[in-house]
Engineer: 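So that we are looking at the same thing, I have put the structure below in structure tokens.
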Amino acid sequence: EVQLQASGGGLVQAGGSLRLSCASSGFAFPDYAIGWFRQAPGKEREGVSCFNSADGSTYYLESVKDRFTISSDNARSTVYLQMDSLKPDDTAVYYCAASDGTIGSSCLNRLWLDYWGHGTQVTVSS
């Protein structure tokens, strides 16, 4: 069973940085997709960034391009989301999610992800 544990959230001033971590375990197959999602109060959960392990393809929400970077360690146990130049609009609960196999840009679509971890709160003050 795939398990995901997100951590690294916190309170930061606008313009600051945070790095989120997603510790994963239990993948039954060598190829997978992992994504970061966020949900602000009163809004739908949206895909922020994701990648496919088979080809290393990465995808980003337009509003976070050039500010956020997704990466994975070689052991595939942890995925990171480096968030720079944070804005108050980035405030949300952030979740990591995963799917077996390669799903291309669909890894930004929450309906394509089968496994979800608990969220971590990110608050950006103005």
Side-chain angles (χ1 to χ4, degrees):
E1 179 182 357
V2 175
Q3 294 187 333
L4 304 168
Q5 179 65 50
S7 61
L11 173 64
V12 64
Q13 289 187 333
S17 298
L18 282 174
R19 189 177 78 160
L20 304 183
S21 300
C22 176
S24 64
S25 63
F27 285 105
F29 304 101
D31 297 335
Y32 61 94
I34 286 187
W36 284 98
F37 293 75
R38 67 186 182 187
Q39 188 165 19
K43 295 187 177 180
E44 291 191 356
R45 191 171 298 187
E46 63 179 355
V48 176
S49 181
C50 63
F51 82 101
N52 292 269
S53 68
D55 59 8
S57 56
T58 58
Y59 302 91
Y60 294 90
L61 181 68
E62 187 65 32
S63 63
V64 308
K65 281 182 179 179
D66 300 324
R67 298 190 298 122
F68 291 10
T69 304
I70 191 169
S71 63
S72 175
D73 69 0
N74 292 334
R76 199 188 70 178
S77 60
T78 304
V79 173
Y80 303 99
L81 184 67
Q82 178 67 40
M83 305 187 295
D84 299 319
S85 302
L86 282 161
K87 304 175 181 180
D89 284 348
D90 296 319
T91 295
V93 177
Y94 283 70
Y95 302 85
C96 62
S99 175
D100 294 312
T102 300
I103 58 175
S105 61
S106 294
C107 61
L108 277 180
N109 185 332
R110 58 185 174 87
L111 298 179
W112 283 74
L113 284 298
D114 299 316
Y115 313 107
W116 290 83
H118 295 293
T120 184
Q121 176 72 45
V122 172
T123 303
V124 184
S125 62
S126 57

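Note that this is a predicted model, so its numbers are computed, not measured.
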Engineer: Identify the heavy atoms of Phe51 and Cys107 that sit nearest to each other, and give their distance.
Structural biologist: N-SG, 4.0 Å

Engineer: What about the rings of Trp116 and Phe37, do their centers lie closer together than 6.0 Å?
Structural biologist: yes

Engineer: Would you compute the distance between atom CD of Gln121 and atom OG1 of Thr91 and round it to the nearest 0.5 angstrom?
Structural biologist: 7.5 Å

Engineer: Considering non-hydrogen atoms only, spot the tightest contact between Gly101 and Asn52 and give its length.
Structural biologist: O-OD1, 4.5 Å

Engineer: For His118 and Ala6, which heavy atoms make the closest approach, and how far apart are they?
Structural biologist: O-CB, 3.5 Å

Engineer: State, to 0.1 Å, how close Gly9 and Val122 come at their nearest heavy-atom pair, and which atoms those are.
Structural biologist: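 Distance-wise, the nearest heavy atoms are CA-CG2, 4.1 Å.
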
Engineer: Once you round to the nearest 0.5 Å, how far does OG of Ser53 lie from OH of Tyr32?
Structural biologist: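 Result: 5.0 Å between the selected atoms.
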
Engineer: Please report the closest heavy-atom contact between Leu108 and Cys50, naming both atoms and the distance.
Structural biologist: N-SG, 3.4 Å

Engineer: Less than 4.5 Å apart, any side-chain heavy atom of Ser99 and any of Trp112?
Structural biologist: no

Engineer: Among Leu18, Thr69, Leu20, which residue meets the side chain to side chain contact (heavy atoms under 4.5 Å, CB included) test with Leu81?
Structural biologist: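 It is Leu20; the other options fail the test.
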
Engineer: Could you pull out all residues at least two apart from Ala98 that satisfy side chain to side chain contact (heavy atoms under 4.5 Å, CB included)?
Structural biologist: Leu4, Phe27, Ile34, Tyr115

Engineer: Roughly how far, to the nearest 0.5 Å, is the NZ atom of Lys87 from the OG atom of Ser126?
Structural biologist: 14.0 Å

Engineer: Drop me the distance from Gln5's CD to Thr120's OG1, to the nearest 0.5 angstrom.
Structural biologist: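 Nearest 0.5 Å value for the CD-OG1 distance: 9.0 Å.
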
Engineer: Do Asp90 and Arg38 touch side chain to side chain, with heavy atoms closer than 4.5 Å?
Structural biologist: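 Heavy-atom side-chain distance check passes, below 4.5 Å.
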
Engineer: Measure the CZ-CG distance between Arg45 and Leu111 for me, rounded to the nearest 0.5 Å.
Structural biologist: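 Answer rounded to 0.5 Å: 11.0 Å.
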
Engineer: If you look at every heavy atom in Tyr60 and Phe68, which pair is closest and at what distance?
Structural biologist: CE2-O, 3.2 Å

Engineer: Calculate, to the nearest 0.5 Å, the distance between atoms CG and CZ belonging to Leu86 and Arg67 respectively.
Structural biologist: 6.5 Å

